[in-house]
Every structure is written in structure tokens, then in C-alpha cells.
Amino acid sequence: MNNKEIEKKWQNYWIEHKKFEAKTNDIKDPYYILVEFPYPSGAGLHVGHVRSYTAQDALARMKRMQGYNVLFPMGWDAFGAPAEQYAIKNHIHPKEAVKENIKTFKKQMQTLGFSFDWDREFSTTDPEYYKWTQWQFLQFYKHGMAYKDTIPVNWCPKCKSVLSNEDSAGGVCERCGTKVIQKEKSQWMLKMSNYAEDLLTGLNDTNFAEKVKLGQINWIGKSVGAEVTFKIKNSKETFTVFTTRCDTLFGATYCVLAPEHKIVDLITTKEHKKEVEEYKKQCLLKNELERTELNKEKTGVFTGAYAINPVNNKEIPIYISDYVLSTYGTGAIMAVPAHDERDFEFAKKFNIPIIQVLEETTGKIKENEYKKNSIVAVLYDEKEDKYLTINWHEKGGRLFIGGTIKDKETALECAKREIKEETGYKNIELISELPKINHHYYAYNKDKYFNIESTGYLFKLVNNEKDKQNLDEDEVFDIEWVDKKVIEKEITDELHKKTYEYALNPGPMTGDGIHINSGFLDGLNKEDAVNKMLEYLEENKLGTKKVNYKMRDWIFSRQRFWGEPIPMIYCKNCGWVPMNEEDLPLLLPDVAEYEPTDNGESPLAKIDEWVNTTCPKCGAKAKRETDTMPNWAGSSWYFLRFMDPHNNKEFAGMEAMKYWRKVDWYNGGMEHTARHLLYARFWVQFLYNIGLVPSKEMIWTRVSHGMVLGSDNQKMSKSKGNVINPDDIVNEFGADTLRTYELFMGDYQMDCPWNTDSLKGCKRFIDKVIRLKDKVIEGDSYSKSLETIINKSIKKVENDLQTMAYNTAISTLMILVNKFEDEASITKADYKVLLTLLNPIAPHITEELNETLGYSPICESSWPKYDEAKTIDEEKEIGVQVNGKLRASIKIKLDENEESIKEKALNSENVKKHIENKTIIKIIVIPNKIVNVVVK
RNA sequence: GCCCAAGUGGCGGAAUAGGUAGACGCACAGGACUUAAAAUCCUGCGGGUAUAACAACCCGUGCCGGUUCAAGUCCGGCCUUGGGCACCA
């Protein structure tokens with residue numbers, strides 16, 4: 001028989017005998033394996049799909065043999081724009097296109113032998129399914145979790161169409177290239193922000209990969225801070241800012257309001273009205289991308305108003321700028337340019353004072369320190385690209401110019417004086433004053449500990465004119481101009497090093513340190529100062545502790561045809577009224593035109609007989625909502641439906657869900673780990689809170705796979721011509737070869753390029769397995785010579801399949817096969833165990849070969865057990881090192897005593913050579929691993 | 001800019017807990033079988049010094065430094081690539 005016949009034979013066998021049917025309430029333990037259901041595109045199955053489905057299939061097949069009741073379902077996430085586009089073009093109903101595509105996908109999946117339970121198949125576009133998606137939306141609405149709000153959307157003025165973020169990448173319409181603008185639109189929203197904290201803490205009840213959890217955490221974007229209220233000079237208005245750094249309040253030198261902030265118009269003075277109006281207008285013209293991406297240069301205008309800093313009553317100017325978002329926090333900030341990147345940039349541009357309130361600390365703090373103020377001056381010669389340094393040689397190494405500030409002298413005067421005294425240079429120009437540093441050190445010549453506040457300066461050399469130096473007796477050093485490299489290598493003093501860094505990269509100090517210029521916070525570090533300030537604000541009713549999240553509410557409306565209709569009705573008398581639950585599903589109409597309307601309404605808006613209805617509450621004439629749900633809706637709960645797919649009374653029965661508990665193993669693409677998973681968890685948590693699912697988290701482990709790239713290491717795409725069609729591979733090499741190769745190609749969780757030559761290697765491996773059958777002799781126990789490697793292999797393959805190390809599972813089997821080949825004959829038992837271990841990966845050929853041995857099908861047998869004692873070699877070769885270098889290897893018996901190992905090691909010829917005339921300091925023996933002889 | 005992941009032969013990739021780096025496969029080279037090809041089998045395959053051959057030695061897991069008897073693996077500092085977020089105060 002050829003490949004195709006064998007594959008067909010077994011695929012039929014599995015289906016006819018319902019081998020993969022998952023029965024709810026089986027007495028066996030449940031195990032739910034889920035792989036993201038695909039969008040059935042016209043392009044057919046991608047080799048990337050094949051990789052993850054095969055991986056999950058292998059796990060499912062092994063788990064079944066291990067005695068679990070495995071639920072391994074498949075379905076279709078078939079709503080979405082491509083089907084709608086196709087429909088517009090060809091004037092057919094998208095459901096027809098979807099039907100065709102599903103047929104293709106399913107056929108492809110079946111030729112690959114995936115062990116899905118097809119009895120549970122459904123599509124999100126089935127009315128029996130989306131009925132429940134709509135029903136769940138109504139629950140959101142009834143529990144106050146869905147509301148309408150006006151939100152700006154991406155709008156293409158030429159296509160007259162609302163665009164998703166993907167369709168408007170780069171700020172232009174994907175189809176016609178017109179610049180996308182923002183248009184306000186009333187949309188349905190789900191109050192997901194209410195769940196921010198629960199979605200965060202819920203992660204503790206999951207076993208997601210760390211990076212997946214991190215993705216969730218970042219998306220939620222929790223930050224703890226304070227809201228502080230500012231009064232306005234000569235006005236009754238106040239405004240509140242959100243800050244995570246209330247410890248820097250003494251350093252606030254201005255405030256910024258988002259241009260959309262409500263009080264802008266109320267506080268803007270007459271003199272500034274025009275500018276403010278103009279700026280606001282500009283902001284409106286910009287689309288979201290321009291506001292965010294074109295952030296090279298800060299813009300903004302002064303309102304003429306002054307805020308009163310509540311901690312020191314200083315008057316500070318209020319600006320408006322679009323670098324403050326109206327949608328986050330309070331839409332207003334206090335700006336601390338000395339300690340925030342953005343504020344620093346803005347302050348530099350608008351010449352706003354910068355007040356340092358936090359000093360970085362360097363050196364080690366000691367008791368009984370003497371305090372003083374000093375400077376470090378960096379003098380730069382632009383022409384030579386060199387810096388002036390003082391070389392104390394052994395007495396203190398290389399430093400910049402430093403010195404102590406005298407009484408009645410400013411820091412700047414001190415810096416200039418020191419340069420002149422120590423080096424003689426007198427024509428210098430100040431470039432910048434650098435942030436102050438709090439430094440602790442020990443002075444050998446004085447035998448004292450010092451704590452200094454050092455001000456750094458960067459000067460430029462104007463010319464080489466010099467006065468005579470004016471040195472103390474103990475000041476013996478060389479003055480040297482050196483370049484960057486020397487500085488980076490030779491200046492090791494922490495204070496000078498740090499000063500140099502500041503000179504090189506002017507910017508705010510955003511790290512930790514100790515507070516200065518901060519009244520009651522002086523001397524505290526960041527954390528303590530934050531807490532103390534919070535206390536102070538709350539005591540004096542100036543502000544409160546506050547938590548903010550980046551995560552916003554979920555915009556749930558799409559102006560599309562091909563999505564679940566939102567089951568809401570607008571009545572002039574009653575407002576928005578939910579449909580009666582018993583009237584669900586609200587079906588999509590059977591029409592053949594799907595062009596959007598000119599004003600950006602969904603295509604549904606044009607279908608009068610569908611739109612016009614009566615109010616469920618008062619019976620008056622009313623209109624249906626014409627927006628549909630986003631693609632994410634149907635996929636937010638499909639894994640629940642798989643637990644009870646034919647239920648026509650509920651979306652899924654509690655009993656069934658309690659039996660299956662949760663998804664044990666969920667595999668999907670990395671690109672979905674943030675949003676899809678977050679939406680799904682939110683959906684489940686809501687259902688849990690209203691008592692409809694058994695636990696708050698319904699997914700236990702989430703893992704992600706790498707992409708299969710083209711052989712050119714690029715993403716596969718038609719335009720690059722590097723697409724591999726799985727059908728071609730199955731035709732030429734067979735499904736088992738393709739499956740084996742896809743798992744063998746590399747680390748499952750990493751991207752990996754396709755290589756047809758490598759695939760041929762897997763074909764060779766399968767052929768070898770087939771040829772082994774000629775060596776099989778009777779015998780129902782393992783050959784003595786193969787016992788150890790067989791036990792080892794069972795252990796390794798079993799372990800690898802459940803840790804996604806598919807590639808090493810296969811290499812283990814290759815090693816086993818090579819070993820079998822070396823034998824003159826192998827027993828039936830030997831062969832059977834090989835076939836069973838390989839079966840999850842290559843199910844067809846292994847079933848066929850197994851049948852020729854006269855055994856019952858592998859899918860009806862159980863997974864082999866290994867004997868731990870027989871997985872260990874009796875004799876082992878270990879390395880012998882001398883001073884960490886490998887010099888010999890010796891054979892040892894399992895658990896041989898240390899003395900005898902040492903003796904063997906020391907007696908190896910090459911080891912003897914290397915320890916000759918040397919003293920053995922110690923001999924390290926790591927049992928069964930290595931010996932290291934340390935000599936001197 | 002920030003966060004995450006990854007850098008190992010000609011290539012895909014191994015290396016469980018710090019313990020013989022390069023498993024397994026591909027490609028390549030030589031040989032066997034064959035009229036021939038395919039298939040199959042055998043041998044070699046990180047770089048270098050060296051040798052008739054063996055042995056032996058040196059270097060080697062992105063770069064620099066550290067910890068350790070011992071580092072691909074741990075620590076500190078960089079560089080490069082890929083992915084995610086992107087003015088979130």
C-alpha cells in the first residue's frame with residue numbers, strides 16, 4: 001500500500017469508530033487541549049497551522065493512551081473583514097464563501113490526521129452559536145457593563161468608511177491611500193476597565209508562561225500614584241492632576257492640561273485666548289497617529305493662568321499641550337522637568353525653570369561623616385575632541401577638576417576658580433550646569449569620611465591662554481588632555497564618572513536618590529518621600545492616593561456587515577432597549593450588497609426591512625442597532641461552547657463545564673497572547689461574577705508557538721513567493737512525514753525557516769522505521785541489549801511531548817531507530833514500543849505497521865511504562881579534567897566509589913603527564929559526571 | 001525611548017540542576033553496491049598547530065569583564081537581530 005491508501009484507511013477507521021469522541025462525564029479524568037480555532041481564509045491551511053495542530057494532536061494522542069478523557073475540539077472563527085470584502089466584490093453572501101472555505105480547511109485537516117472531535121465542530125457564524133454571543137451581550141448590558149459612548153474612530157473621507165487600526169496603519173487608508181482623520185462616533189462599549197484589578201490578580205490562578213503573563217500585565221498597565229488638586233490664581237476653578245511621583249511636587253515648575261480639558265476655556269486669559277484657540281484647532285486636525293508618532297518635538301501654548309503649588313504656594317504657569325492625553329488619568333499633569341523626560345524636553349523648549357529636588361547618591365554611607373559642598377568641572381576642547389583631566393597617578397588616579405566651595409562663593413565661581421588655580425586655563429565658557437550628586441567617600445590624607453553635595457559643570461575651552469597655576473604643596477599631578485576612550489577606561493571614581501555621564505547626556509534624573517529643596521522631604525529616598533507626601537496630602541486634604549490603568553473600556557461596535565448584530569433597539573420613547581432574549585438569535589439578513597453607507601454606518605443601516613422594528617417595551621416604531629460586534633467577541637468564549645456544543649438551552653451547561661473544569665493546555669500565536677487572552681479572561685470573569693461559569697479563570701496553561709518562515713527566513717507571503725502549501729507536501733511525501741518534519745524542524749516556541757531538504761531527512765527516518773519490520777522476530781519482551789535504551793526513550797519522549805520539546809522527542813526516536821538498525825534482529829515488543837512512541841507524531845504509518853504485527857490498533861492501546869531502574873546505564877564514560885581542562889576520559893561503573901574513580905583518573909596516561917611535578921591541591925569528583933584534578 | 005525574547009559549525013538545532021559543547025538531522029566530501037541513476041550502506045565533517053598515521057596541544061557558544069575547581073549555562077556592562085508597547089505622567 002502506498003502512503004495515501006494507508007493514511008486514508010486509518011483516517012476512516014478513526015472516524016468510523018469514533019476514536020476521538022470526548023464524552024462528557026466519562027469516568028476517566030478529563031484533559032482539555034485547545035488550539036486557537038482558525039479564521040478560514042480563502043488561502044487554505046498554512047504550514048504554520050499544521051505545526052501547532054500537529055503539536056497539540058501529538059499531546060492529545062499521548063494523553064488518550066495515558067488514560068485521559070481528552071477533549072480536543074476544532075471550530076471556525078469565521079466573522080471578519082476578508083469574507084466581507086470578498087462578498088462585496090463577488091456579490092455573494094459572505095456565509096457562502098465561509099462555507100466553502102470551511103470545507104477546504106476541514107478536508108485539509110482530515111488529510112493530516114488530526115484527532116479532533118468533529119462532533120463538537122461549530123463556527124462563530126452559526127446562528128446557533130452567535131445567538132449565545134448576543135445573549136451574553138445582553139447580560140453585559142443588563143448588568144450595567146455595556147454602554148454607549150462617543151469615541152473618535154479612524155475615518156477615510158474618500159472611502160467613507162470607518163477603518164480599524166490595522167486598516168489605517170501609517171495614518172493612511174489601506175485601500176486608497178487617503179489620509180485618515182478622526183471622526184466622532186457613538187459606539188457600544190464594555191466596561192472592561194472595571195475588571196483591571198481582577199484581570200491582574202486572576203493571573204495567579206493560571207499557569208500561563210511568564211512572558212504571556214507579562215504581556216497581560218503590561219497591557220493592563222497598572223500604576224499607583226496620587227491625585228493632587230491645584231488651585232488657580234485669581235480664579236475659583238481648580239484642577240486635579242495624577243502623578244506617580246508626588247515626592248517631586250516641590251520640583252513642579254509648571255502644569256499642563258490636555259487641550260480637550262474642560263477648564264481650559266474657563267481659565268485662559270484674554271491675552272492668550274487666540275493662541276489657545278488656534279492650538280486646540282490644530283490638535284483636532286491631527287489624527288491619532290500624528291499625535292502619537294510625530295512626537296519628536298513637543299508643542300504647546302501658555303494659557304496665561306497660574307496654578308498654586310499646594311505644598312509651597314508657588315505660582316507656576318499652566319500650559320496646554322497634546323503630550324498630555326485627555327484619556328488617561330485626569331487629563332492634567334504637574335510637570336517636574338528635573339525628573340521627567342517629557343517635562344524636561346518641554347521645559348527646555350519653552351525656557352521653563354528646572355528645579356532639582358532629588359540627588360543621585362554615590363559611594364558608601366558611613367557614620368560620622370563631614371559635610372561639605374563641592375564641584376566637579378568637565379572642561380572640553382572641541383577642536384581636539386579632548387577633555388581636561390588631572391592625573392594623580394598612584395595617589396588617586398585620573399580625575400576631572402574638583403574642589404570645595406568656599407564661604408561666600410557660588411558653585412559656579414568655585415568651578416571657575418578651581419580650573420584656573422589647578423590648570424591655569426582662564427578662557428572658558430559655561431555650557432551647562434549638571435544635576436547635583438550626593439557623594440560619600442573617604443579621604444586618606446585627612447582620615448575622614450565625607451558626604452558632599454557636588455555640582456557638576458560642563459565648560460568649553462575658548463582658547464589655550466593660561467595664567468600661572470596656583471597650587472598647594474600637596475597638589476602634585478599632571479594636567480592631561482585625553483579623549484573619550486581614556487576617560488571611560490581610567491576615570492573610575494564614582495562621582496567623576498557620574499558627572500561625566502551627565503555631561504555627555506544632558507537630561508532629567510529619573511532614578512532614586514535623596515531629596516533636596518523639598519521641605520519636609522529633604523533627606524528621604526524616593527519611596528519614603530512618596531509615602532510621606534501621600535500622608536501629607538491626605539492629612540491636608542490636598543490630594544489622595546490613586547491607582548490608574550492604561551487599559552481602557554472595550555470598544556465593542558464595528559460598522560461592518562459580517563459580524564454578530566448587536567441585539568439592541570432604539571425607541572424614541574424608551575431609549576435603548578435590549579431585545580427579548582427569546583427572540584434571539586437576531587439573524588443577519590440575506591442580502592447581497594454590503595457596501596458601507598456614505599456616513600459610515602454599517603451596511604445593515606441600508607436594509608430598511610431589517611432596521612425597522614418595534615420597541616419590545618412600548619410597542620412603538622423603533623430601529624435596530626446596525627453596528628455589529630468585533631471579531632474578538634466570538635472568540636472570547638468559544639472554548640466554553642466546546643464543552644457543551646449542542647446545548648440549545650444555554651451557551652453551555654454548568655454540569656458540562658464543571659466536568660471539563662477548564663482548558664488544560666491552550667496553544668496559540670504570540671500575537672494573540674495579549675488581546676485575545678485578555679478579552680477572553682474578561683468575558684469569563686464577568687460570566688463567573690453573574691454565576692454562569694464554574695471558575696473565574698477557565699484557562700490553565702497558555703503556551704505560544706513560533707512561526708514557520710519561508711526558506712528565505714522571511715514571513716511567508718504570496719508576494720515573496722515563499723509560500724509552502726501543505727497539500728503539496730502531503731501529496732509528495734505523505735502526512736506522517738510532514739507532521740514529523742514540522743515538529744522536528746526546531747524549537748517549537750521559536751520561529752523557524754522551512755527547508756525541504758530537511759523534510760526529506762524525516763522521510764528517510766520514516767522509511768527506516770518501515771524497513772525495520774524485516775528485522776522483527778517473535779518475542780513479547782524487550783531484547784536484553786535494547787532494554788536500557790528503550791526505557792530511556794520512553795521516559796524522554798513522554799517528558800518531551802508534555803513540555804513541547806517535540807524536536808528532541810523525535811531525535812530520541814531517531815537514536816532508538818539507529819540502535820535497532822545495528823541489531824541483527826529485534827523482537828515484536830521492541831518494534832511495538834517504537835511504533836507506539838512514534839504514533840502521536842506519525843499516526844498513520846505506525847498504525848499500519850502495528851497492524852502487520854497482528855496487534856490491535858495503537859489508538860486503543862495504552863502508553864508504554866518505563867522502569868526507572870532500567871533507564872540508567874551500568875557503565876559510563878566520564879571526563880577527567882586537570883585544572884578545568886579536559887585531559888582524559890575514564891569508564892566507571894554506576895555508583896562506583898570515589899576512591900576508585902580518583903585512582904582511575906590519576907592513572908590515565910594523559911592526566912599523569914599534566915600533573916607531573918605539580919602538587920595536587922584537591923580532586924573534585926562529581927558522581928557520574930566528571931572529575932577535576934586541581935594542581936599547582 | 002521602554003519592555004520581552006534570542007545570538008552556539010556551511011544550515012536547522014541539542015546540551016534536565018554550573019560538570020566531556022556541537023546530540024539528532026540537513027548539506028557537503030570520499031568510498032561500497034549498480035551498466036547507470038535513484039534508493040541504501042560505510043567513513044569523514046567547528047577552526048588551527050602538528051603528524052606517515054595515531055597521539056598530543058591551542059583557540060572556540062555575539063563582545064568586554066567578573067564569580068567558580070569548572071561558565072553556552074550564573075553576575076555586571078555593552079553590541080546585534082526579532083517581537084510587543086509607544087508622550088499612560
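Convention: sequence-line order gives letters A, B, ...; per-chain numbering from 1.
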Review point. Ser223(A) near the nucleic acid: base, sugar-phosphate alone, or nothing, with a heavy-atom cut-off under 4.0 Å?
Key: sugar-phosphate
Review point. Separation of Ile921(A) atom CD1 from A70(B) atom P, in whole Å?
Key: 11 Å
Review point. Who does U49(B) pair with, Watson-Crick or G-U, both distances under 3.5 Å?
Key: A56(B)
Review point. Would one find a side-chain N or O of Arg764(A) under 4.0 angstrom from OP1 or OP2 of A27(B)?
Key: yes
Review point. Whole Å only: how far is the NZ atom of Lys912(A) from the P atom of A56(B)?
Key: 15 Å
Point to revise | Side chain of Arg887(A) (C-beta onward), nearest among A89(B), G13(B), C57(B) | key: C57(B)
Review point. What's the CG-C1' distance between Asn818(A) and C42(B), to the nearest Å?
Key: 14 Å
Practice item. Let me know, please, whether Thr243(A) or Met750(A) comes out on the 5' side of the other along RNA chain B by nearest nucleotide. Key: Met750(A)
Review point. Now, which nucleotide makes the Watson-Crick or G-U wobble pair with U80(B), with each of the two distances under 3.5 Å?
Key: A6(B)
Point to revise | Carboxylate-amine/guanidinium proximity below 4.0 Å for Lys792(A) and Asp873(A) | key: yes
Practice item. Answer yes or no: is there an ion pair linking Asp767(A) with Lys763(A), defined by an N-O contact shorter than 4.0 Å? Key: yes
**Study point:** Strand partner of G1(B), provided both Watson-Crick or wobble distances fall under 3.5 Å
**Key:** C85(B)
Practice item. Remember a base hit wins even if backbone is also touched, and classify Glu821(A) as base, sugar-phosphate or nothing at under 4.0 Å, heavy atoms. Key: sugar-phosphate
Practice item. For Met334(A), report the nucleic acid contact type (base, sugar-phosphate, nothing); a contact means any heavy atom under 4.0 Å. Key: nothing
Review point. Below 4.0 angstrom, N of the basic side chain to O of the carboxylate: do Lys912(A) and Glu909(A) qualify?
Key: yes
Review point. Between Lys213(A) and Phe208(A), is NZ or CZ placed under 6.0 angstrom from the six-membered ring centre and within 45° of the ring axis?
Key: no
Review point. Can a salt bridge be assigned to the pair Lys280(A) and Glu260(A) using a cut-off of 4.0 Å between side-chain N and carboxylate O?
Key: no
Practice item. State plainly whether the residues Arg702(A) and Glu36(A) are in salt-bridge range, i.e. N to O under 4.0 Å. Key: yes
Practice item. Looking at every strand, decide which applies to Gly761(A) at a 4.0 Å heavy-atom threshold: base, sugar-phosphate, or nothing. Key: sugar-phosphate
Practice item. Using Watson-Crick or G-U wobble geometry with both distances below 3.5 Å, tell me the partner of U67(B), or none. Key: none
Review point. Of Asn910(A) and Ser758(A), whose closest RNA chain B nucleotide lies nearer the 5' terminus?
Key: Ser758(A)
Check your understanding: Going 5' to 3' along nucleotides 14-23 of chain B, which nucleotides have protein heavy atoms under 4.0 Å from the base (write B), which only from the sugar-phosphate (write S), and which from neither (write -)?
Key -> S----BB--B
Exercise for review: Ignoring hydrogens and angles, answer whether the base of C26(B) and the side-chain atoms of Lys760(A) contain a donor-acceptor pair closer than 3.5 Å.
Suggested key: no
Check your understanding: What is the distance from NZ of Lys913(A) to P of C58(B), rounded to the nearest Å?
Key -> 10 Å
Review point. Whole Å only: how far is the CG atom of Asp800(A) from the P atom of C24(B)?
Key: 15 Å
